[in-house]
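Computed from a predicted model, the values in this text were never measured in an experiment. Reminder, nothing fancy here: chain letters follow the sequence lines and each chain counts from 1.
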Amino acid sequence: MTNLQSLSFYYPELILTVVILAAIIYDLTLDKSQSGKVGWLLVVGLIGVALAIVFQENKVTTLFSDAIVLDPFASFFKLIVILATIFVSIVSLQSGELKAYRKGEYFTLLGIITFGLFLMVSTVDLILVYLSIEIVSIMSFVLAGYLKQNTRSNEAGLKYVVYGAFSSGIMLFGLSYIYGLTGSTNYFEIQHALAGLDSEANTAIVMAMILMIAGFGYKISAVPFHFWTPDVYEGAPTTITAYLSVAPKAGAFALMIRFFNQVLADGGGMGGLDSSSIATLPWPEIFSLLAIITMTLGNLVAIQQNSIKRMLAYSSVAHAGYMLLAMPVMSGDSMYAIMMYLVMYLFMNLGAFFVVITVQNKTGGETFDDYKGLGWEMPMIGIVMTIFMVSLTGLPPTAGFIGKFYIFASLIKGGNEFYWLVMIGGINSVISLFYYLRVVKVMYFEGESHEKIVQPPTVMAALLLATAIPTVLLGVYWTPIADWVQRSLVFFIQTL
Amino acid sequence: MDNIFIIYSLLILFLPLAAFVIQIFFGKKLPREGDWVSVGAISITLILAISMFVMMLLEYNPDFRHEASFTWLDMGAFSIDLGFLVDNITVIMLLVVALISTCTHIFSIKYLAGDIRYSRYFAYLGLFTFSMNGIVLANNLISMYMFWELVGVSSYLLIGHWFEKDSAADASKKAFLTNRVGDIGFFIGIMLLYTAVGSFTFTDIFNGVANGMIAGTALTFAGIGLFLGAMGKSSQFPLHIWLPDAMEGPTPVSALMHAATMVAAGVYLSVRIFPILTPDALLVVAYVGGFTALFAATIAVTQNDIKKVLAYSTVSQLGYMILAVGTGVYTAAFFHLLTHAMFKANLFYGSGSVIHSMHHALHEKHDHETDPQDMRNMGGFKDRMPITYWSMLLSTFAISGVPLFSGFLSKDAILAGSLSFAQHHPEHFLLPVFGFGAAAITAFYMFRMMFLTFHGKPEMPELIEDIHESPKEMAGPLVLLGTLSIFIWYTLPYLNPLSSHGWFTHLVVPIDSVVPGNPSANSIEEGAHHAHGLAMYISIGVATLGIGLSVLMYLKKVLSAETWRNRAGFMYDWSLNKYYFDENYDKYLYQPTLRLAKKIAWIDWELYDKYFINGFGRVTSWASRVTGKFDYNIIDQIMVDGFGRIVDNLGGTLKKVQTGRLQNYLLYVTAGIIILMIIQSF
């Protein structure tokens, strides 16, 4: 489709652009103390964008001369990203850390990240892969260092910049290999060209793919590309940490699924990596290895942490590992499982960070010691945090259990060569029980019980309920989500 | 969902749940502790249930049936649909539940006035009504099972309402655990049917059985499994032990759950699954029911606690219903369920009214020793509590099977069914013997209860001045349900007191069993019809005998109860002590189980926990300590700090910015990529 025609299908992004521009201008008219209003503008705008996306949910086509596609798969991830952005925007208005700063740019940057993520989940072109990752990354650098007077935040931002630049450099290197091998940046043409190469080129293909995995791995914080995660998560404003742990991860998974499914597997057939013409290459092995070391290292190191924020950082590394578990199969079931997991993960992980923000607002602390006796002092926090921790561990009847259930089920369906992955995943869940339930233990069994009961502010309480209720509800009745994911598992396919 | 019946059913199901949620969270803060929320919600369900009932009558169609379902879980090969089934039986049952529940709510306002957990009591009543309606509306076994368990939970909570009393706490535990025994059977039955048929809905299961997907012994076991669940809930021998103890709960609760609705759930289940029961399973059902009917009646004869008499009488009447299912006249079972619900709930309200009054009188006298429920302390209440007396008398006539009252019709249908069954299978002559024997004894002990409570001279004359009729909130339900003990409500538009022919028999017609080898509904009905005349004469005869004996012994005192008690000897003791069931269960079941549990606990704690679990914990903690040490000693101390030292040596000031660490990360990334590349080449 030509560029001009494409515009009529591109209105969600156009609306988003207008919202971003409006946010910048609106901010100029506001005092510093009033600058939070930009956040509400963003929230309202994003709801509009979401409606626009829902309106075109079933469209399947390519736009802008095969640069990006519009399909239910992309729409699904766009909605996930919007949900996360809305949650984080609202919580940012409540955050104590951001009080001293002007918040106009903050929300504008969140909007731009959202735009970058939209590109990320819908691109089928290597140039746009690189561009979208850069848009998201650069905005994230700024946001991670947003607390200008806080040295930890500055450090986080700086580290993130250098690390990000390095990773995208490596990925760009990989992309150039692919371009050199196939002479194209378009997924469909690459798939076609790769199938035509003889086996001497295999080493080059694998090299290129590994370099690209390094780039994707950096975005989803897979080990050994995760080193930025703990430092940045700890230093960044907690609201941004919450955002980084969910939205860019969802975007990067979408990017990765689309790239590997389209380029290395059979695209729409969802037959798995075996079904491709270059199936002899060791994709399942590489992904299995990444998944195992990611979750194992994430879990083992998380046990050692004393800061809840840092613990959650390593926990998010571990969860990336669980989702990666489904990548080696790359069947319809496994993509379905990853998408289910992301929905569940969105609620429970954001919820856990919201608890951290609430406690931080109250006491300024984020270590285990600050949580002593909290279950008695703030009963609501105690209950919802327990729900989130149980869900992150993956125990029934919570959303986390359903997410893990689908991941493991897809592996078992994938054949008996994947059974051992299920075992390792199971063992890891047991290990994670230790540090998740430590939070519960600290909240209820340590410290003194308080006579005075403290309730979180209304907006925070509403946000906590908005994440805690789905976390429990989706553990009991998830059919609507399952249906939605099933409907969304439609890719644009082009046969050359 | 455009169906009005389904919408009404949804409202009937969820209104009590809404009341429960409001009461449990805000009950204490609401004016009057929120009883009006519960009473309001339940009254609306009553109105809805009545309008559904009227609509059903207007349709007057025996095949009236609406179904709706939605998918709850979908995991590819395994999916569970939940749904509603609304037919004539459902509508009648909904009306029974709504009516008795409403009466109970209203009755409780005064009965529980001043209770410390007043709002919570109403909350639990709402939870119970919700779960009971769930059982009634279910169109499949799995959701029925879930609501079945919820009913068990609410029963547990309500029996233990006064949990400060040890006896109440024990009784609630006993009720819950005894029900579990039956529920295991229920679950096994469900799973047997699911593995064979692949669905939980009644329709699919019936079709599957008709197509021979499960047959023979497997089907018998499945049927008996489901029936075990019914035995637990409906308190059938040998799982009958919990119901008498459940009388520790507040009396309105006994009327609602342990007389009219919850215990009827077992009968309801049996009625629903009747078409898949094999002849062998039906025989088991019939004998369990028949034996329970007689057995419980013989216990009721000697009880002195007014509620215990009623409790055993309930067990006995439930046995009747189960007997009816077993002998094939399962519509008669449902008919008896309906009439029994009305008159037995009424009897419980009556006993509640008496106990309330006794309690009040004893309180005035500052007497906290005397048992307000013991009939030996009563007597002569007739003139003090006329409404209670006359209303209970009507229901007593009904339960004793006196013509012109509802119980006569339904009991007669059951007895005719068992008589006809014995006529076709002479080797099972015991079944009608059980039935008629129990009928005679029932008439005897019910009048014994009435005479001891209301007639004769007051046993405690000092109390009689303080015995008063109960307030209108309690008298209202009594009048209403007492009236419902009269036969015409069940035979309209006909007015023949000796025949059950009427709207009920027109609307609730038996369907054929889908199991090959079972007689058709038609032939069963024909047999019962032939036996009807004979059954009626015997039934009137035994009722007269029972009542007459009771009159002679307790009203006229021509026969001395004392002498007969001595003549009966050990039989009296056995009956009084409920055949020592509790003691024997304790000795041969609970104690050995406890000993076994202690042994297992020892293994669990001393061996498994100490060596396996702790060992695993130690290994994990060791592994993480090693990783942590590695992280700290090698990476942090040697590499990071080492790099820092180099930087220190080179430049000095850069140390504070700690950029060295970042570069280190980049080194790892590069190393990781190289390692990946090396690995893939193998």
Side-chain angles (χ1 to χ4, degrees), chain A residues 151 155 158-163 165-167 169-170 173-174 202-203 206-207 209-211 213-214 217-218 222-228 231 281-283 285-286 289-290 293 296-297 299-305 333 402 405-406 409 413 427 430-431 434-435 476-480 482-483 486, chain B residues 25 69-82 143 146 612-614 616-633 635-636 639-640 654 656-682:
Chain A
T151 46
E155 188 189 323
L158 190 59
K159 276 183 179 169
Y160 204 7
V161 173
V162 178
Y163 200 102
F166 186 75
S167 292
I170 290 177
F173 189 36
N202 278 357
T203 317
V206 174
M207 294 290 173
M209 292 301 170
I210 287 175
L211 293 172
I213 289 173
Y218 145 74
V223 178
F225 316 111
H226 73 290
F227 291 98
W228 61 277
D231 292 5
L281 297 174
W283 307 123
E285 288 79 1
I286 289 177
L289 188 74
L290 278 179
I293 55 170
T296 311
L297 192 131
N299 279 322
L300 285 180
V301 183
I303 291 182
Q304 298 287 327
Q305 301 308 317
D333 281 328
I402 302 305
F405 174 84
Y406 276 98
K413 273 193 200 164
I427 294 172
V430 175
I431 297 174
F434 181 81
Y435 60 87
V476 186
Y477 181 57
W478 62 91
T479 308
D483 287 346
Q486 192 69 58
Chain B
F25 286 112
S69 66
F70 72 101
T71 307
W72 177 46
L73 297 185
D74 188 1
M75 297 195 262
F78 177 77
S79 74
I80 300 179
D81 286 3
L82 299 185
S143 56
M146 295 192 299
F612 188 77
I613 300 284
N614 290 357
F616 190 76
R618 248 175 258 134
V619 170
T620 316
S621 121
W622 175 82
S624 66
R625 215 178 303 133
V626 168
T627 334
K629 274 217 177 95
F630 178 81
D631 212 40
Y632 185 74
N633 289 339
I635 297 183
D636 271 18
M639 300 183 89
V640 177
L654 277 174
K656 286 175 194 162
V657 197
Q658 284 189 317
T659 49
R661 213 169 165 187
L662 178 67
Q663 290 170 6
N664 223 303
Y665 298 163
L666 305 183
L667 193 65
Y668 297 139
V669 177
T670 323
I673 292 167
I674 292 169
I675 290 169
L676 272 179
M677 286 178 173
I678 293 170
I679 286 174
Q680 67 79 27
S681 58
F682 286 115

Based on non-hydrogen pairs under 4.5 Å, which of A:P224, A:G217, A:A214 is most in contact with chain B?
A:P224
What distance separates A:F225 CZ from B:L676 CG, expressed to the nearest 0.5 Å?
5.5 Å
Point-to-point distance, once rounded to the nearest 0.5 Å, from CD1 of B:I673 to CE of A:M207:
11.5 Å
If you draw a 6.0 Å radius around CZ in B:F70, do more than 12 non-hydrogen atoms from other residues or ligands fall strictly inside?
yes
Need one label for A:V430: side chain, backbone, both or neither, based on atoms under 4.5 Å from any heavy atom in chain B.
side chain
What residue in A:I427, A:I210, A:T151 has the most heavy-atom pairs under 4.5 Å with chain B?
A:I210
Honestly, the part of A:I170 sitting under 4.5 Å from a heavy atom of chain B is side chain
Would you mind checking which part of A:I213 comes under 4.5 Å of any heavy atom in chain B, side chain (CB onward), backbone (N, CA, C, O), both or neither?
neither
Taking the side chain as C-beta and beyond, is there a heavy-atom pair between B:V669 and A:Y218 under 4.5 Å?
no
Residue A:Y163 versus chain B: region with a heavy atom under 4.5 Å:
both
Nearest-0.5 Å distance, CD1 of residue A:I286 to CD1 of residue B:I679
8.5 Å
Side-chain heavy atoms of B:T620 within contact of A:F434, under 4.5 Å
no
Counting only heavy atoms not in A:Y477, do more than 12 sit closer than 6.0 Å to its OH atom?
yes
